[in-house]
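Note sheet for the following structure.
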Amino acid sequence: MTNTIVPVILCGGSGTRLWPLSREQYPKQLLSLINEKTLLQATVKRIYQQNSEIELKIDSPVIVTNENHRFLVAEQLREIDRADAKILLEPCGKNTAPALCIAANYIAEQDPDAIMLVMPADHIIQNDAAFLQAIVEGLSQLDDKRLGTFGIVPDAPETGFGYIKLGKKVTENISTISQFVEKPDLQAAEQFVASGEYLWNSGMFLFSAQAWLDAIKHFRNDIYQASNAAYREKTVDMDFIRVDKAQFEACPSESIDYAVMEHVVDVVGDESGFSGTVVSLDAGWSDIGSWESLWSI
C-alpha cells in the first residue's frame, strides 16, 4: 500500500455554537480565532509542517465545502500558497459520510491506494510534531480492510465529546476499538476518564481511499450508490468540482462514525473482514466547540 497521504479537509458546518462571531455565511473554520491564520488555513498548513525526523509524502489537499463558501475557501487557500488544492462542492449538507465519499471518489481516480487523512477544518492542535508522529504510527497499521481513527487522551471529564473505548493493544499507542460511546453525562464521563480505557472521539481518520469506498459499500450501500451517482454527474467549474445536485440531495445524511466506524469495532463473529484501530493522541487538541473552550486556549 502506498504511503502517499492526501489531506482531506471537511469544511462544512455553520459553527453556530460560537454565534454571533461564527454564523452561517462566515462559520468558525473561516475565522482567525487563535492567531492571524484562520482555522482552515491552520488545518491545511499543519500537515505540511514536517521536520527532519518525520518524512511523510504529502500530496495536494482536497477540500470538501459547500457552494456558498467556495470563493472564501479558495481565497484563503491562495493566501497560504495552496492554490493546488482541489475544492469539491456540496450542493447541500449531508453530514460527513457522503462528503467523504465525494473526496474518496476523486482521490481513487488518481490513486486508489492513496491514504486519506481526514480532518475537520475547525479544530485546533497545538503540538504539530506529536500529531505528525501519530500519523506515522497510524500508517503502520493500515491495510486494505483496516481503517484508523485518532482518539484524544482526555484531561477532563468532558460531556461535550463522544468517547472511544479501547480494545486490545496493538502497539504502545494504538489499540483496536471496543466501542464508540455517545456524549455521556458527567458521572459517566468521570468514570471513563478515571478508568484510563477511553479516549475522546476526535473526528479525524486515516485510511486508503479504496478501503473507505469498500467499507461504505459494505455497510451503507445506499450512501455509496447515491454519492457515487452524484460524483459521476459532476461538472468542473474553474477551480471547483461540483457534484450533481439532484443525486446528492437524494443521498442519506449520515456521519462517518455511524455509517462505518461503529461497525469496525471488536465484535465476535463479524464476517466483513473490516477492522478499526485508534491512535492515542496527546497534542493539545480542541474542537473549539464553545466560547469556554476558546477562552481556555
Side-chain angles (χ1 to χ4, degrees), residues 1-2 4 6-13 59 61-70 86-121 142-149 162 177 180 201 203-237 240-265 267 269-276:
M1 177 177 288
T2 177
T4 299
V6 180
V8 177
I9 315 299
L10 302 179
C11 192
D59 211 333
V62 172
I63 316 295
V64 185
T65 191
N66 65 51
E67 184 82 20
N68 294 335
H69 299 148
R70 65 192 185 281
K86 189 59 64 176
I87 303 175
L88 309 181
L89 299 178
E90 297 177 289
C92 59
K94 286 291 182 177
N95 214 318
T96 53
L100 194 54
C101 287
I102 295 172
N105 270 285
Y106 169 76
I107 293 165
E109 284 182 343
Q110 328 304 317
D111 178 7
D113 291 330
I115 304 299
M116 303 170 68
L117 173 62
V118 184
M119 299 177 287
L142 298 183
D143 59 36
D144 59 0
K145 283 208 165 185
R146 177 169 286 182
L147 298 92
T149 187
I177 300 167
F180 283 85
N201 186 354
M204 298 187 293
F205 305 92
L206 191 69
F207 34 65
S208 75
Q210 193 60 57
W212 168 259
L213 291 172
D214 289 344
I216 192 76
K217 182 178 182 181
H218 179 81
F219 294 113
R220 285 298 304 268
N221 189 51
D222 53 344
I223 295 176
Y224 173 82
Q225 296 294 344
S227 59
N228 282 13
Y231 185 78
R232 283 196 303 270
E233 301 297 323
K234 66 185 179 296
T235 56
V236 179
D237 174 16
F240 310 111
I241 293 178
R242 186 177 280 107
V243 301
D244 183 77
K245 186 174 188 291
Q247 299 280 10
F248 197 73
E249 285 180 340
C251 187
S253 178
E254 194 63 276
S255 71
I256 295 167
D257 284 344
Y258 279 132
V260 170
M261 296 305 294
E262 291 191 355
H263 300 286
V264 297
V265 298
V267 179
D270 179 25
E271 298 178 354
S272 71
F274 293 98
S275 62

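On a predicted model such as this, the values are computed, not experimentally measured, just so you know. Numbers here are sequence positions counted from 1. Basis for what follows: all heavy atoms, side chains included, without hydrogens, waters or symmetry-related copies.
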Inset, instruction - Decide, yes or no, whether a salt bridge links K234 with E109 under the criterion of side-chain N to carboxylate O below 4.0 Å. - result: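 Yes, K234 and E109 are salt-bridged.
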Set of residues satisfying side chain to side chain contact (heavy atoms under 4.5 Å, CB included) with respect to [X], sequence neighbours excluded:
X: A229; value: R232, Q247
X: A121; value: I9, C11, Q29, L40
X: D237; value: R242
X: A103; value: V8, V62, V64, L88, M116

Inset, instruction - If the plane angle is over 60° it's perpendicular, under 30° parallel, otherwise tilted; pick one for F219 and H263. - result: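 It falls in the parallel class, under 30°.
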Hey, does the side chain of [X] reach the backbone of [Y] with a donor-acceptor pair shorter than 3.5 angstrom?
X: N95; Y: A97; value: no
X: K94; Y: E249; value: yes
X: K145; Y: G273; value: no
X: T149; Y: M204; value: yes

Inset, instruction - Working to the nearest 0.5 Å, report the span between CZ of F205 and CD1 of I115. - result: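 Here the interatomic distance stands at 15.0 Å.
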Legend entry - Atom pair OG1/CG of T65 and L89 - distance to nearest 0.5 Å: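 Here the rounded value is 7.0 Å.
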Inset, instruction - List in chain and number order the residues that pass ring-ring contact (aromatic ring centres under 6.0 Å, His included) with F240, two or more places apart in sequence or in another chain; answer none if no residue qualifies. - result: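 F240 satisfies ring-ring contact (aromatic ring centres under 6.0 Å, His included) with F71 once adjacent residues are dropped.
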Inset, instruction - Quick one: which residue pairs count as a salt bridge (Lys or Arg N to Asp or Glu O under 4.0 Å) with a foot in residues 222-231, not counting sequence neighbours? - result: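 Qualifying pairs: R220-D222.
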Legend entry - Flag side-chain contact, heavy atom, 4.5 Å: K86 against I241: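 SC-SC contact between K86 and I241 confirmed.
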Inset, instruction - Give the C-alpha distance, both sets of side-chain angles, the deciding distance and a yes or no for side chain to side chain contact (heavy atoms under 4.5 Å, CB included) between F207 and V264. - result: CA-CA 13 Å; F207 34 65; V264 297; over 6 Å; no
Inset, instruction - With side chain to side chain contact (heavy atoms under 4.5 Å, CB included) as the test, would you mind laying out the steps for V265 and F180 before giving the verdict? - result: CA-CA 8 Å; V265 298; F180 283 85; 4.0 Å; yes
Inset, instruction - Check the pair L142, L206 against side chain to side chain contact (heavy atoms under 4.5 Å, CB included), reporting the backbone distance first and the verdict last. - result: CA-CA 8 Å; L142 298 183; L206 191 69; 3.8 Å; yes
